[in-house]
Colleague: 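Have a look at this one.
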Amino acid sequence: MRDFVQRVVETLSLDDNKDRVSLVQYSKDAAVQFYLNTYDTKGEVLDIVRGLRHRGGRPLNTGAALQYLRDNVFTASAGSRRLEGVPQVLILLSGGRSFDSVDAPASALKQLGVLIFAIGTRSSDSGELQKIAHDPRYALSVPEFTDLPTVQQQLQSSVEAVVIDVTPGRPTVIADRPGRDLVFLLDGSDATRNSFPAMRDFVQRVVETLSLDDNKDRVSLVQYSNDAAVQFYLNTYDTKGEVLDIVRGLRHRGGRPLNTGAALQYLRDNVFTASAGSRRLEGVPQVLILLSGGRSFDSVDGPASALKQLGVLIFAIGTRSSDSGELQKIAHDPRYALSVPEFTDLPTVQQQLQSSVETVVIDVTPGRPTVIADRQGRDLVFLLDGSDATRNSFPAMRDFVQRVVETLSLDDNKDRVSLVQYSKDAAVQFYLNTYDTKGEVLDIVRGLRHRGGRPLNTGAALQYLRDNVFTASAGSRRLEGVPQVLILLSGGRSFDSVDAPASALKQLGVLIFAIGTRSSDSGELQKIAHDPRYALSVPEFTDLPTVQQQLQSSVEAVVIDVTPGRPTVIGTDLVFLLDGSDATRNSFPAMRDFVQRVVETLSLDDNKDRVSLVQYSKDAAVQFYLNTYTTKGEVLDIVRGLRHRGGRPLNTGAALQYLRDNVFTLSAGSRRLQGVPQLLILLSGGRSFDSVDAPASALKRLGVLIFAIGTRSSDSRDLQKLAHDPRYAVSVPEFTDLSSVMSRVLSAVSMTPTISGKQDPQQSAAHI
């Protein structure tokens with residue numbers, strides 16, 4: 001067992017703090033050998049592992065050991081970076097059956113987001129290991145632990161497969177299948193009268209697989225022909241029995257013509273809404289299954305796109321009478337446009353559909369684990385400096401492109417690639433949708449010729465990519481949520497400005513990697529790159545092989561699945577919640593000054609940041625929303641004139657709930673669904689008269705990072721419950737002392753990892 005641990009540790013990246021490792025032995029109880037933050041180097045860890053001694057003891061209490069890990073090891077104080085989004089992995093080696101129950105402790109770890117791999121021997125209880133493991137597939141078995149080398153590769157492959165980095169610096173982990181809101185849209189036109197019973201049976205079989213009774217899943221059904229009619233909304237029925245009763249009694253509606261476009265628009269406006277029971281704003285996956293037996297009489301393009309931009313995953317099933325091209329346009333991905341000869345043949349694709357739904361349903365709720373089947377595809381664009389200065393090094397650039405292309409999955413359309421050369425202006429060699437196979441692309445790349453020209457206008461080239469290459473017509477799948485990646489090779493300094501074009505690409509959600517030589521301007525490359533760390537340099541392009549592995553690792557690390565149609569936005573939505581009760585009357589000017597000083601540090605005039613302010617006592621009152629004012633001057637004018645509200649008692653719980661329902665919302669200016677970090681700074685001068693637990697938890701589930709500041713009159717335990725992390729519960733004697741913690745608060749905000757955003761945590765709030 002010790003040798004096994006040693007071999008695994010040897011594969012980790014400990015010296016650069018990318019990985020951390022802890023080791024615990026247990027029998028009757030658990031004992032930590034070292035925590036995640038005990039040692040900083042691989043050498044130190046290996047020295048301890050090599051000298052590890054067997055602890056002994058009985059009985060074997062695996063349940064107690066798992067609980068111990070939850071309470072003492074997977075914690076911030078022990079070095080866990082769980083709150084920073086770093087994947088938490090547990091590898092359990094257990095050689096016998098536990099004397100205590102493992103159910104609740106294993107479940108508690110999984111709810112924490114820990115991915116558990118359980119390895120046992122013939123003496124172990126295989127059913128118990130499967131309960132413990134993240135997934136029964138990750139419960140492995142060997143005859144004896146001396147046979148561990150036989151499963152080591154399988155284990156490491158499994159770990160690699162389920163730990164997924166979807167946000168720069170914020171790996172996301174797979175956990176249990178999330179709930180979903182599932183809507184059926186059935187063609188009820190005259191043409192489907194005879195096949196309607198088969199459609200109804202299909203819906204019934206799908207509903208039988210859902211988790212409706214515990215509200216994990218919700219379901220709605222709509223029929224359409226000329227127009228759409230809801231049979232029931234997502235929040236109409238609470239139990240599977242009720243839904244199945246309605247489905248079994250469903251009658252064909254009839255009518256003509258078939259207006260699929262209008263029906264899709266109807267769903268967007270009336271069904272995928274909070275009032276109709278959609279939990280989209282809570283991050284619950286939204287799924288639409290369309291059964292359409294003919295060609296639409298109206299256009300489906302705009303309505304289908306609008307649903308995708310809303311984040312709805314669409315599966316389209318048709319018959320031989322349907323328009324396959326139309327179904328592919330509607331579907332989330334052409335692979336999810338299925339076809340049967342007649343709807344009576346639906347059972348033949350039911351399993352395929354359900355597997356596809358499981359594969360693509362993505363839980364985008366901040367702070368909740370994400371489910372992604374295998375590595376998603378990406379749209380990758382190369383922008384090559386083809387100016388006179390790179391004539392001699394162009395063959396090396398071409399070889400570099402060839403080596404990268406060889407690693408891509410082009411033949412199954414998972415990945416797509418485009419190549420553009422530029423000097424004074426840009427010229428496309430091929431678009432993202434020009435070639436379908438790796439062979440075709442490699443043939444073109446091998447024959448690529450240097451273009452020449454001067455001067456080098458990198459800014460114009462970046463703008464060209466934005467307008468002509470990262471577009472749907474050129475094959476970009478950005479609106480379908482496919483990551484957009486740009487690799488720039490630039491051998492000199494640009495003659496035009498790169499600032500605005502690079503920013504425009506980033507706002508579009510493009511992840512930019514910039515590689516230059518000693519002739520390049522390193523500062524310029526850092527401006528262009530998605531993050532300064534992704535601006536790489538080599539002496540000459542002939543040295544590109546030395547950074548190829550680093551580049552590919554970086555691409556893998558930062559490629560993110562943005563909500564369909566939602567580009568990545570850098571900035572912050574910051575809400576102040578101020579205690580305006582009678583008890584804070586004298587200290588209110590100090591609270592107001594504190595807000596003013598924070599606002600002065602924000603970037604409001606360019607809409608990078610947004611700010612809102614709410615006062616509360618017995619209830620909450622908004623002074624201004626996130627989208628009320630667009631300039632720093634306007635906000636500061638309001639803040640300077642802010643008056644104390646007064647009132648009692650102090651209901652902090654109700655105020656937090658109010659923020660969740662009315663302020664951190666799309667209509668109030670929140671950009672949460674665009675990945676913008678959501679921050680709340682609470683100033684509370686007393687103990688709440690109502691419970692804060694559930695409302696604070698609801699905000700955190702929404703992805704809001706809470707910073708709680710109190711006084712000696714506040715309840716410190718309440719503040720710690722409220723805060724994103726106990727470290728972010730700050731206390732001062734009186735609010736007149738706020739200036740003493742200003743730098744600490746701003747520093748804490750700037751260091752806080754992005755929970756709700758789709759961006760590098762270093763950029764999440766650093767500007768605050």
Side-chain angles (χ1 to χ4, degrees), residues 380-406 417-431 434 441-470 485-506 510-552 554-555:
L380 177 60
V381 177
F382 292 95
L383 178 59
L384 306 187
D385 176 349
S387 67
D388 292 345
T390 61
R391 188 170 303 279
N392 294 334
S393 56
F394 193 75
M397 298 164 70
R398 185 176 56 210
D399 292 346
F400 168 82
V401 172
Q402 183 180 328
R403 288 191 302 271
V404 174
V405 169
E406 284 168 347
V417 67
S418 169
L419 192 145
V420 179
Q421 266 196 76
Y422 80 102
S423 52
K424 181 181 180 182
D425 49 24
V428 175
Q429 307 291 327
F430 51 90
Y431 292 98
T434 303
V441 170
L442 288 173
D443 284 345
I444 297 298
V445 171
R446 291 186 192 106
L448 209 58
R449 297 195 175 184
H450 185 259
R451 187 164 176 259
R454 56 183 175 158
L456 187 69
N457 290 327
T458 307
L462 295 173
Q463 189 62 42
Y464 181 89
L465 294 183
R466 187 194 185 287
D467 298 337
N468 300 280
V469 178
F470 287 107
V485 180
L486 168 62
I487 298 176
L488 164 69
L489 273 67
S490 175
R493 184 170 185 168
S494 179
F495 274 70
D496 61 355
S497 173
V498 300
D499 296 15
S503 178
L505 276 175
K506 291 173 188 175
V510 179
L511 304 166
I512 309 176
F513 297 83
I515 306 177
T517 67
R518 65 166 64 98
S519 303
S520 308
D521 181 333
S522 60
E524 180 178 274
L525 294 178
Q526 288 179 1
K527 282 183 184 176
I528 294 171
H530 163 69
D531 182 279
R533 293 172 297 169
Y534 304 127
L536 309 179
S537 184
V538 289
E540 300 293 340
F541 282 134
T542 49
D543 301 294
L544 279 168
T546 64
V547 297
Q548 181 138 358
Q549 186 55 51
Q550 179 184 354
L551 172 73
Q552 288 190 236
S554 297
V555 171

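Residue numbers count from 1 along this sequence. All figures in this text were calculated on a predicted structure; none of them were measured in a lab.
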Colleague: Say whether, by atom type as modelled, one donor and one acceptor occur between the side chain of S423 and the main chain of P455 under 3.5 angstrom.
Modeller: no
Colleague: Can you tell if the side chain of D385 reaches within under 4.5 Å of the side chain of L488, non-hydrogen atoms only?
Modeller: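 Counting from C-beta outward, D385 and L488 never come under 4.5 Å.
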Colleague: For N457 and K424, indicate whether the former's side chain and the latter's backbone hold a donor-acceptor pair under 3.5 Å.
Modeller: yes
Colleague: Can you tell me how far the OH atom of Y422 sits from the OG atom of S494, to the nearest 0.5 Å?
Modeller: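 Y422 OH to S494 OG: 6.5 Å, rounded to 0.5 Å.
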Colleague: Report the distance from atom CG of L511 to atom NZ of K506, rounding to the nearest 0.5 Å.
Modeller: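 Separation between the atoms: 10.5 Å.
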Colleague: Taking all atoms of both residues into account, what is the closest heavy-atom pair of T458 and D496, and its distance?
Modeller: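 That would be N-OD1, 3.3 Å.
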Colleague: Is the backbone N or O of G492 less than 3.5 Å from a side-chain atom of S490, with the two atoms forming a donor-acceptor pair by type?
Modeller: yes
Colleague: May I ask you to test the F382-F400 pair for a side-chain heavy-atom distance under 4.5 Å?
Modeller: yes
Colleague: Given side chain to side chain contact (heavy atoms under 4.5 Å, CB included), test L448 with Q429 step by step and report yes or no.
Modeller: CA-CA 8 Å; L448 209 58; Q429 307 291 327; 3.5 Å; yes
Colleague: Does the side chain of L525 reach to within under 4.5 Å of the side chain of F513, using non-hydrogen atoms?
Modeller: no
Colleague: If every non-hydrogen atom of A529 is compared with every non-hydrogen atom of A535, which pair is closest and at what distance?
Modeller: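 That closest heavy-atom pairing would be CB-N, 3.9 Å.
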Colleague: Can you confirm whether V381 sits close enough to I487 that some side-chain heavy atom of one is under 4.5 Å from a side-chain heavy atom of the other?
Modeller: no
Colleague: Nearest 0.5 Å, please: how far is CD1 in I444 from CD in Q402?
Modeller: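 It comes to 12.5 Å.
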Colleague: Is R391 atom CZ crowded by more than 12 heavy atoms from other residues, nucleotides or ligands, each under 6.0 Å away?
Modeller: yes
Colleague: Within the 4.5 Å heavy-atom criterion, are Y431 and V417 side-chain neighbours or not?
Modeller: no
Colleague: Between H450 (side chain) and F394 (backbone), is there a donor-acceptor pair under 3.5 Å?
Modeller: no
Colleague: Taking atom CD1 of I528 and atom OG of S503, what is their separation to the nearest 0.5 Å?
Modeller: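 Answer rounded to 0.5 Å: 12.0 Å.
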Colleague: Nearest 0.5 Å please: distance from the CD atom of Q421 over to the CZ atom of R398.
Modeller: 10.0 Å
Colleague: Give the intermediate values and the outcome of side chain to side chain contact (heavy atoms under 4.5 Å, CB included) for residues V420 and L384.
Modeller: CA-CA 6 Å; V420 179; L384 306 187; over 6 Å; no
Colleague: Using atom types as modelled and distance alone, determine if a side-chain donor or acceptor of D425 lies under 3.5 Å from a backbone N or O of A460.
Modeller: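 It does not hold such a pair.
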Colleague: Would you call T390 and S393 a side-chain contact if the rule is heavy atoms closer than 4.5 Å?
Modeller: yes
Colleague: Would one find more than 12 heavy atoms of other residues, nucleotides or ligands at under 6.0 Å from atom CG of D543?
Modeller: yes
Colleague: With the side chain counted from C-beta on, respond yes when S387 and R451 share a heavy-atom pair under 4.5 Å apart, and no when they do not.
Modeller: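 S387 vs R451: side chains apart.
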Colleague: Passes side chain to side chain contact (heavy atoms under 4.5 Å, CB included), L380 versus L486? Steps please.
Modeller: CA-CA 6 Å; L380 177 60; L486 168 62; over 6 Å; no
Colleague: If we only count heavy atoms from C-beta on, is the L419 to V401 side-chain gap below 4.5 Å?
Modeller: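 Yes. Closest side-chain heavy atoms under 4.5 Å.
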Colleague: Taking atom CD of E524 and atom CZ of R493, what is their separation to the nearest 0.5 Å?
Modeller: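 It is 6.5 Å, given to the nearest 0.5 Å.
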Colleague: Looking only at atom types and distance, does a side-chain atom of T542 sit under 3.5 Å from a main-chain N or O of A396, one as donor and one as acceptor?
Modeller: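 No; zero donor-acceptor contacts below 3.5 Å.
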